S.K.: 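Sharing a structure below in structure tokens format, with a few things to ask.
Computed from a predicted model, the values in this text were never measured in an experiment. All residue numbers in this chain count up from 1 along the given sequence.
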Amino acid sequence: MAGNSFGQLFRITTFGESHGVAIGVILDGCPAGLTIDLDFIQSELDKRKPGQSKITTQRKESDTVQILSGTFEGKSTGTPIAMLIPNEDQRSKDYGHNVDVYRPSHADYVYDAKYGIRDHRGGGRSSARETAARVAAGAVAKLFLKHHGIDIFAHVTAVGKINAPILGSDNITELLELREANIVRCADPATANEMIEFIDSVRKDGDTVGGKVSCLIKGCPAGLGEPVFDKLHADLGKAMLSINAVHGFEYGSGFDGTELRGSEHNDVPLPKSQEENQFKTITNHAGGILGGISNGMDINFKVGFKPVATIMHNQQTINAAGEASEIKGKGRHDPCVVPRAVVIVEAMAALVLADHLLRNRTSQI
């Protein structure tokens with residue numbers, strides 16, 4: 001299987017399966033001398049781990065991370081950082097019903113078609129369990145970005161047809177407090193309550209629902225991004241679309257921008273002041289990226305997640321022989337992935353920015 005690595009200079013390779021002994025990641029390219037805050041890494045994993053609330057899967061995993069290499073006396077050494085997360089609560093018997101039956105909208109059939117073999121226990125490598133390894137590596141990337149004054153904030157802005165209003169603040173600390181005050185991780189308290197009630201009702205119906213996560217990046221300097229094929233928004237798009245269940249990515253004005261005229265959509269630059277010698281525009285339809293390169297304005301984008309494919313209803317499908325069959329979801333599954341996906345979105349964004357920050361060091365003499 002190819003395609004298990006991401007990034008060029010700040011590069012990760014993840015490994016492991018949903019019901020294997022462990023999952024993990026090897027991070028190569030992290031500069032030496034970075035303080036590796038294990039408590040922070042664990043706190044990031046705690047935001048993604050299962051069993052957090054009534055609106056997430058009830059699989060119980062502590063997701064306790066172990067750092068095996070690449071650090072000494074609390075700092076990175078410049079050598080590969082290996083991190084391991086043991087699997088503790090596998091219930092492989094929950095998947096005995098789909099050994100030879102393909103679950104609708106899962107990767108079961110395509111894995112069989114591609115490899116001629118598949119791990120039916122929770123999807124094996126195709127399971128979102130793999131994203132815990134990304135969050136661990138993303139936490140290190142966040143520490144690196146923090147050192148350079150870059151902050152990333154994401155939160156749930158839609159569940160089904162319930163949409164949160166545009167945030168009235170861009171204070172990251174304030175927004176984090178609002179987000180972590182509720183189990184759906186929406187920074188608007190009133191909308192959060194509505195979302196929670198809706199997800200819980202969907203769960204009781206044995207069904208699932210999708211949603212959107214919006215991300216804001218502050219403090220990113222101008223100049224990140226490598227035209228022509230490694231544009232910053234292109235790499236962000238690839239990063240987000242590599243996350244399980246993601247079906248859409250848009251940055252800046254996104255698809256809404258197609259309805260505007262150029263005279264409405266153009267971001268007019270402001271003269272630099274003596275107080276702030278940096279590039280600013282009146283509007284930010286570009287989402288902080290021009291020509292594939294960051295312009296110093298806030299970077300913002302949205303990620304759309306489909307409903308979880310496993311539902312607790314009988315569904316028509318086929319078996320490995322191509323014969324008509326029927327299947328019903330069993331085991332422990334999220335009724336909506338977006339509350340746990342917030343930190344995954346942040347992690348993947350952090351990995352992209354860390355990689356481009358290092359790559360940008362070669363752009364001028």
S.K.: Spell out, yes or no, whether Leu290 and Ile150 are grouped together once hydrophobic residues are joined by side-chain heavy atoms under 4.5 Å, including indirect joins.
M.R.: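 Shared cluster, no.
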S.K.: When you measure from the side chain of Asp334 to the backbone N and O of Val337, does any donor-acceptor pair fall under 3.5 Å?
M.R.: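 A pair under 3.5 Å: no.
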S.K.: Tell me the closest heavy-atom pair linking Ile327 and Pro104, and the distance in Å.
M.R.: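 For Ile327 versus Pro104, the nearest heavy atoms are CG2-CD, 3.8 Å.
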S.K.: For residues 192-220, which residue pairs qualify under ring pair (Phe, Tyr, Trp, His ring centres under 6.0 Å), counting only residues two or more places apart or in two chains?
M.R.: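 As it turns out, there is no ring pair (Phe, Tyr, Trp, His ring centres under 6.0 Å) pair with a partner in residues 192-220 once direct neighbours are skipped.
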S.K.: When rounded to the nearest 0.5 angstrom, what distance separates CD in Glu44 from CD1 in Ile344?
M.R.: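 CD1 of Ile344 is found 11.5 Å from CD of Glu44.
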S.K.: Are any of the side-chain heavy atoms of Phe153 and Lys218 separated by less than 4.5 Å?
M.R.: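 The answer is no; the side chains never approach within 4.5 Å.
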S.K.: If you take all heavy atoms of Pro221 and Leu357, which pair is closest and at what distance?
M.R.: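 Scanning both residues completely, I find the closest heavy atoms to be CG-CD1, 4.2 Å.
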S.K.: What do you reckon, is NZ of Lys212 surrounded by more than 12 foreign heavy atoms closer than 6.0 Å?
M.R.: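 Incorrect, the count does not exceed 12.
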S.K.: Just by distance, do the side chain of Ser5 and the backbone of Thr13 share a donor-acceptor pair under 3.5 Å?
M.R.: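 Flag not set: sc Ser5 to bb Thr13 has no pair under 3.5 Å.
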S.K.: For a quick check under 3.5 Å, do His106 and Ser126 share a side-chain donor-acceptor pair by atom type?
M.R.: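 No.
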S.K.: Sorted by first residue and then second, give each salt bridge (Lys or Arg N to Asp or Glu O under 4.0 Å) pair with at least one member in residues 244-271; sequence neighbours left out.
M.R.: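 Sorted pair list comes back empty.
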S.K.: Are Ile243 and Leu241 connected in the hydrophobic side-chain network, where two residues link if heavy atoms are under 4.5 Å apart?
M.R.: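 In one cluster with Ile243: Leu241, yes.
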S.K.: Under 4.5 Å between side-chain heavy atoms, counting indirect links through other Ile/Leu/Val/Met/Phe/Trp/Tyr residues: same cluster for Ile318 and Ile311 or not?
M.R.: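 As far as the 4.5 Å side-chain criterion goes, Ile311 and Ile318 are not connected within one cluster.
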S.K.: Quick check: is Leu145 connected to Leu38 through a chain of hydrophobic side chains (ILVMFWY, heavy atoms under 4.5 Å apart)?
M.R.: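 Shared cluster, yes.
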S.K.: Please examine the side chains of Val308 and Pro335, heavy atoms only from C-beta on, and report whether any two atoms are closer than 4.5 Å.
M.R.: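 SC-SC contact between Pro335 and Val308 ruled out.
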S.K.: How would you list, by chain and number, every residue that makes a salt bridge (Lys or Arg N to Asp or Glu O under 4.0 Å) with Asp200, sequence neighbours excluded?
M.R.: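 With sequence neighbours excluded, Asp200 shows a salt bridge (Lys or Arg N to Asp or Glu O under 4.0 Å) to Lys54, Arg203, Lys204, given in chain and number order.
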S.K.: Below 4.5 Å, heavy atoms only, C-beta onward: do Asp298 and Asp170 meet side chain to side chain?
M.R.: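 Heavy-atom side-chain distance check passes, below 4.5 Å.
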S.K.: Thr64: which residues meet the side chain to side chain donor-acceptor pair (under 3.5 Å) condition with it, sequence neighbours left out?
M.R.: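 If we apply the side chain to side chain donor-acceptor pair (under 3.5 Å) test to Thr64, skipping adjacent residues, the hits are Ser62.
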S.K.: Rounded to the nearest 0.5 Å, how far apart are CE of Met195 and CD1 of Ile183?
M.R.: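 Rounded to the nearest 0.5 Å, the CE-CD1 separation comes to 12.5 Å.
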S.K.: Work out which heavy atom in Leu351 is nearest to a heavy atom in Phe6; give both atom names and the distance.
M.R.: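 Residues Leu351 and Phe6, closest heavy atoms: CB-CE2, 4.4 Å.
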S.K.: With rounding to the nearest 0.5 angstrom, report the CG to CD1 distance, Asn4 to Ile12.
M.R.: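 Asn4 atom CG to Ile12 atom CD1 measures 10.0 Å (nearest 0.5 Å).
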S.K.: Report whether Met297 and Ile293 are members of the same hydrophobic cluster (ILVMFWY, side-chain heavy atoms less than 4.5 Å apart, transitive linking).
M.R.: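 In one cluster: no.
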S.K.: Between Arg340 and Thr131, does any side-chain donor sit less than 3.5 Å from a side-chain acceptor?
M.R.: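 Checked: Arg340/Thr131 side chains show no N/O donor-acceptor pair below 3.5 Å.
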S.K.: What I want to check is whether the side chains of Glu326 and Gln315 have a donor and an acceptor closer together than 3.5 Å.
M.R.: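 Not at all, the side chains of Glu326 and Gln315 share no donor-acceptor pair under 3.5 Å.
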S.K.: So, for Val25 and Ala137, which heavy atoms are closest and what is the spacing to 0.1 Å?
M.R.: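 That would be CG2-CB, 4.0 Å.
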S.K.: Cut-off 3.5 Å, side chains only: do Ser214 and His155 have a donor facing an acceptor?
M.R.: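 No, no side-chain donor-acceptor contact under 3.5 Å.
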S.K.: Assess the residue pair Arg359 and Asp230 against the criterion (salt bridge (Lys or Arg N to Asp or Glu O under 4.0 Å)); give the C-alpha distance rounded to whole Å, side-chain angles, the decisive distance to 0.1 Å, and a yes or no.
M.R.: CA-CA 11 Å; Arg359 292 168 69 177; Asp230 293 346; 2.7 Å; yes
S.K.: What is the minimum heavy-atom distance between Ala154 and Val213, and which atoms define it?
M.R.: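 For Ala154 and Val213, the tightest heavy-atom pair comes out as CB-CG1, 3.9 Å.
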S.K.: Per the ring pair (Phe, Tyr, Trp, His ring centres under 6.0 Å) rule, what does the pair list look like for residues 208-238, sequence neighbours excluded?
M.R.: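 Matches after skipping sequence neighbours: His233-Tyr251.
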S.K.: When you measure from the side chain of Asp355 to the backbone of Leu9, do you find a donor-acceptor pair of N or O atoms at a distance under 3.5 Å?
M.R.: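 It does hold such a pair.
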S.K.: Under the criterion side-chain hydrogen bond (donor to acceptor under 3.5 Å, both in side chains), I'd like the reasoning laid out for Asn360 against Glu226: C-alpha separation, chi angles, the key distance, then a yes or no.
M.R.: CA-CA 8 Å; Asn360 199 47; Glu226 300 291 338; over 6 Å; no
S.K.: Nearest 0.5 Å, please: how far is OG in Ser18 from CD in Glu130?
M.R.: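 Glu130 atom CD to Ser18 atom OG measures 11.0 Å (nearest 0.5 Å).
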S.K.: Would you mind listing every ring pair (Phe, Tyr, Trp, His ring centres under 6.0 Å) that reaches into residues 295-321, with sequence neighbours excluded?
M.R.: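 Qualifying pairs, neighbours excluded: Phe249-Phe301.
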S.K.: A side-chain contact here means heavy atoms from C-beta on lying under 4.5 Å apart; do Val303 and Val338 qualify?
M.R.: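 No, side chains not in contact.
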S.K.: Any side-chain heavy atom of His333 sitting closer than 4.5 Å to one from Met312?
M.R.: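 Side chain of His333 against side chain of Met312, heavy atoms only: contact under 4.5 Å found.
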S.K.: Checking the side chain of Asn319 only, and the main-chain atoms of Ala321 only, is there a donor and an acceptor separated by less than 3.5 Å?
M.R.: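 It does hold such a pair.
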S.K.: Please identify which of these residues, Val156, Thr157, Asn163, meets the side chain to side chain contact (heavy atoms under 4.5 Å, CB included) condition with Val159.
M.R.: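 With Val159 as partner, side chain to side chain contact (heavy atoms under 4.5 Å, CB included) holds for just one option, Val156.
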S.K.: Can you pull the salt bridge (Lys or Arg N to Asp or Glu O under 4.0 Å) pairs that have at least one residue in residues 25-35, sequence neighbours excluded?
M.R.: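 As it turns out, there is no salt bridge (Lys or Arg N to Asp or Glu O under 4.0 Å) pair with a partner in residues 25-35 once direct neighbours are skipped.
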S.K.: Tell me every residue that passes salt bridge (Lys or Arg N to Asp or Glu O under 4.0 Å) with Arg179, counting only those two or more places apart in sequence or in another chain.
M.R.: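 Per chain and number, Arg179 pairs via salt bridge (Lys or Arg N to Asp or Glu O under 4.0 Å) with Glu346.
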S.K.: Mind checking side-chain contact (heavy atoms from CB on, under 4.5 Å) for Pro189 and listing every partner two or more places apart, or none if nothing turns up?
M.R.: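 Result, side-chain contact (heavy atoms from CB on, under 4.5 Å) vs Pro189: Leu178.
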S.K.: Which atom pair, heavy atoms only, marks the closest approach of Ser242 to Met348?
M.R.: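 Looks like OG-CE, 3.9 Å.
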S.K.: Quick check: do Lys302 and Cys215 have side-chain heavy atoms less than 4.5 Å from each other?
M.R.: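 No, too far: nothing below the 4.5 Å cut-off.
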S.K.: Just so I know, are the side chains of Arg129 and His19 near enough to count as touching, which here means a heavy-atom distance under 4.5 Å?
M.R.: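 They are not in contact (no side-chain heavy atoms under 4.5 Å apart), so the answer is no.
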S.K.: Are His148 and Phe144 close enough, and set up right, to give a ring-ring contact (aromatic ring centres under 6.0 Å, His included), and what steps lead you there?
M.R.: CA-CA 7 Å; His148 292 275; Phe144 177 62; 4.9 Å; yes
S.K.: Would you please say whether a donor-acceptor pair under 3.5 Å links the side chains of Glu17 and Asn87?
M.R.: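 The criterion, which ignores hydrogens and geometry beyond distance, is not satisfied for Asn87 and Glu17.
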S.K.: Going by the rule salt bridge (Lys or Arg N to Asp or Glu O under 4.0 Å), which residues pair with Asp46 if we only count those two or more places apart in sequence or in a different chain?
M.R.: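 Testing Asp46 for salt bridge (Lys or Arg N to Asp or Glu O under 4.0 Å), a comparison that skips the adjacent residues, returns Lys49.
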S.K.: Could you check if a side-chain atom of His356 sits within less than 4.5 angstrom of a side-chain atom of Leu232, using non-hydrogen atoms only?
M.R.: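 The answer is yes; the side chains approach within 4.5 Å.
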S.K.: Keeping the roles fixed (side chain from Thr317, backbone from Tyr102), state whether a donor-acceptor pair exists under 3.5 Å.
M.R.: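 Yes, because the side chain of Thr317 sits within donor-acceptor range (under 3.5 Å) of the backbone of Tyr102.
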S.K.: Hey, what do you get for CD1 (Ile152) to SG (Cys220), rounding to the nearest 0.5 Å?
M.R.: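 Spacing of CD1 (Ile152) from SG (Cys220) equals 9.0 Å.
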S.K.: Indicate every side-chain donor-acceptor pair of residues 72-86 with a distance under 3.5 Å to a residue at least two apart or in another chain.
M.R.:
{"residue": "Lys75", "atom": "NZ", "partner": "Thr35", "partner atom": "OG1", "Å": "2.9"}
{"residue": "Ser76", "atom": "OG", "partner": "Pro31", "partner atom": "O", "Å": "2.6"}
{"residue": "Ser76", "atom": "OG", "partner": "Gly33", "partner atom": "N", "Å": "3.2"}
{"residue": "Ser76", "atom": "OG", "partner": "Leu34", "partner atom": "N", "Å": "3.0"}
{"residue": "Thr77", "atom": "OG1", "partner": "Gly70", "partner atom": "O", "Å": "3.3"}
{"residue": "Thr77", "atom": "OG1", "partner": "Thr79", "partner atom": "N", "Å": "3.4"}
{"residue": "Thr77", "atom": "OG1", "partner": "Thr79", "partner atom": "OG1", "Å": "2.6"}

S.K.: My understanding is that only residues two or more places apart in sequence, or in another chain, count here; which of them pass salt bridge (Lys or Arg N to Asp or Glu O under 4.0 Å) with Asp112?
M.R.: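 Salt bridge (Lys or Arg N to Asp or Glu O under 4.0 Å) check on Asp112 returns Arg118.
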S.K.: Tell me if the NE2 atom of His147 is crowded by more than 12 foreign heavy atoms within 6.0 Å.
M.R.: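 For His147, atom NE2 is not crowded (no more than 12 foreign heavy atoms under 6.0 Å).
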